[in-house]
Peer 1: 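Okay, handing you the structure first.
These figures come from a predicted structure and were not determined experimentally. Per chain, numbering begins at 1; letters A, B, ... match sequence-line order.
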Amino acid sequence: MIVQNDYLDLHKTAESGQCFRMRETAPGCFTLIAGSRLLHLRTLAPGKTEFLCPDEEFWQVWHRYFDLDTNYAFMEARVPASDTYLSAAVSFGRGIRILRQDPWEMFVTFILSQRRSIPAIKKSVETLCTRYGEQMHAADGETYYAFPTAEALSGICEQEFRDCAVGYRAPYLCEAASLAASGRLDLAAMAKASPAEWPDEAIVMTLECASGVGPKVANCVLLFGFHRIDAFPKDVWINRVIDTEYNGHFPVERYHGFAGVIQQYLFYYARNGQKK
DNA sequence: GGCCAGGGCAAAG
DNA sequence: CTTTGCCATGGC
């Protein structure tokens, strides 16, 4: 299946720090593991993306995963020309999409993320997957590993997590696995619910009951795991931009309903904008 | 080798 | 309610 869409750029999406299991294996060639699903993709030309899977799988799984029903041009149009920094950020990041990732995966990943760089996060996610995820024997002969389930992680003790080099986050992982495996934290139920049943604030509060989960991590899970794209996680990069470019206050209200997409543009531009 | 990373927490002001 | 020190480890 080939998709023509100027608002789908695999490279930028992979580099935007939301999906830690999407890798560029060769220029323009990508491998993605979502839960226990494997997908190969290619960028054929700017705005031209090939999904290497049966059409049926594309329509049933990946069309939704890549959020291809959402109109990102509409959001871009809401940015006033007077905001030169954001205009530049949007232009630079055009093609980033907010993927519809698995809530449990995002919960664990962003617990691991605190006070670490993106390459370091990727590494420990892969460590967890290779040690505790199910093996997948792909058609290309390679062995891939699914993201470990809550059940798989709930039997691991704190010391064993420490051996995965997750440092002081080891007890956080234990608690997260226990909460999810026991059903005391039902991420799947929250994911199925409408915003009326589970408002953003309620999900954040519930997630924050887990130790190691504060406003930043909870909002990342909300944005990337529950696709509540109004969520606006504030990390060191975003805070720095708000501080230096917006005098300490960014007008999030203006982007009500899709602030999380704007946040991604700002984040990506701040990290990658003036490199190379 | 020092600095910083998609923070959170508890103690203290 | 707002600061401050600490937490392990890796990448650059």
Peer 1: Could you state the NZ-P distance from Lys123(A) to dT9(C), rounded to the nearest angstrom?
Peer 2: 11 Å
Peer 1: Report which part of the nucleic acid Ser16(A) touches: base, sugar-phosphate, or nothing (heavy-atom distance under 4.0 Å, all strands).
Peer 2: base
Peer 1: When all nucleic acid strands are considered with a 4.0 Å heavy-atom cut-off, which category describes Phe224(A): base, sugar-phosphate, or nothing?
Peer 2: base
Peer 1: Rounded at 0.5 Å granularity, tell me how far CZ in Phe107(A) sits from CG in Leu173(A).
Peer 2: 10.0 Å
Peer 1: Among dT9(C), dG11(C), dA8(C), which nucleotide sits nearest the side chain of Arg115(A)?
Peer 2: dA8(C)
Peer 1: Could you tell me the separation between the CG atom of Leu173(A) and the P atom of dG8(B), rounded to a whole number of Å?
Peer 2: 15 Å
Peer 1: Whole angstrom is fine here: how far is it from CH2 in Trp237(A) over to P in dA5(B)?
Peer 2: 6 Å
Peer 1: Restricting both atoms to N or O, compile the protein contacts to nucleotides 9-13 of chain B shorter than 3.5 Å, with distance only.
Peer 2:
from	atom 1	to	atom 2	distance (Å)
dC9(B)	OP1	Gly212(A)	N	3.1

Peer 1: Gln18(A) side chain to Leu99(A) main-chain N or O, any donor-acceptor pair under 3.5 Å?
Peer 2: yes
Peer 1: Find which nucleotide of DNA chain C each of Gly167(A) and Ser117(A) is nearest to by heavy atoms, and output the residue with the more 5' nucleotide.
Peer 2: Gly167(A)
Peer 1: Does Arg240(A) have a side-chain nitrogen or oxygen under 4.0 Å from the phosphate oxygens OP1 or OP2 of dA5(B)?
Peer 2: yes
Peer 1: Side chains of Glu76(A) and Tyr7(A) only: does a donor on one sit below 3.5 Å from an acceptor on the other?
Peer 2: yes
Peer 1: If the threshold is 4.0 Å, N to carboxylate O, is there a salt bridge linking Lys122(A) and Glu126(A)?
Peer 2: no
Peer 1: Could you give the CD-to-P distance, from Gln114(A) to dA5(B), as a whole number of Å?
Peer 2: 14 Å
Peer 1: Between Phe110(A) and Phe224(A), is a ring-ring contact (aromatic ring centres under 6.0 Å, His included) present by the stated rule, with each step listed?
Peer 2: CA-CA 10 Å; Phe110(A) 282 96; Phe224(A) 304 125; 5.7 Å; yes
Peer 1: Check Arg131(A) with Glu160(A), please: is the shortest side-chain N to carboxylate O separation under 4.0 Å?
Peer 2: no
Peer 1: Using a 3.5 Å limit on both distances, find every run of at least three consecutive Watson-Crick or G-U pairs that involves DNA chain C.
Peer 2: B:2-5 with C:9-12, B:7-13 with C:1-7
Peer 1: Distance check, P atoms only: dG5(C) and dC4(B), in whole angstrom units.
Peer 2: 15 Å
Peer 1: Given side chains that start at C-beta, do those of Tyr144(A) and Thr31(A) come closer than 4.5 Å, heavy atoms only?
Peer 2: yes
Peer 1: What side chain to side chain donor-acceptor pair (under 3.5 Å) pairs are there with at least one residue in residues 204-213 of chain A, not counting sequence neighbours?
Peer 2: Glu175(A)-Ser211(A)
Peer 1: For Glu50(A), does its backbone N or O pair with a side-chain atom of Arg42(A) as donor and acceptor, under 3.5 Å?
Peer 2: no
Peer 1: Starting at CZ of Arg271(A) and ending at C1' of dG11(C), how long is that distance when rounded to a whole Å?
Peer 2: 12 Å
Peer 1: With a non-hydrogen cut-off below 4.0 angstrom, is Lys234(A) in contact with a base, only sugar-phosphate, or nothing?
Peer 2: nothing
Peer 1: In whole angstroms, how far is the C1' atom of dA5(B) from the CG atom of Leu112(A)?
Peer 2: 14 Å
Peer 1: Whole angstrom is fine here: how far is it from OH in Tyr168(A) over to C1' in dG7(B)?
Peer 2: 6 Å
Peer 1: When you compare the side chain of Ile98(A) with that of His227(A), does any pair of heavy atoms fall below 4.5 Å?
Peer 2: yes
Peer 1: Answer yes or no: does a side-chain N or O of Arg162(A) lie under 4.0 Å from OP1 or OP2 of dA8(C)?
Peer 2: yes
Peer 1: Could you give the CD1-to-P distance, from Ile238(A) to dA5(B), as a whole number of Å?
Peer 2: 13 Å
Peer 1: Looking at every strand, decide which applies to Arg169(A) at a 4.0 Å heavy-atom threshold: base, sugar-phosphate, or nothing.
Peer 2: base
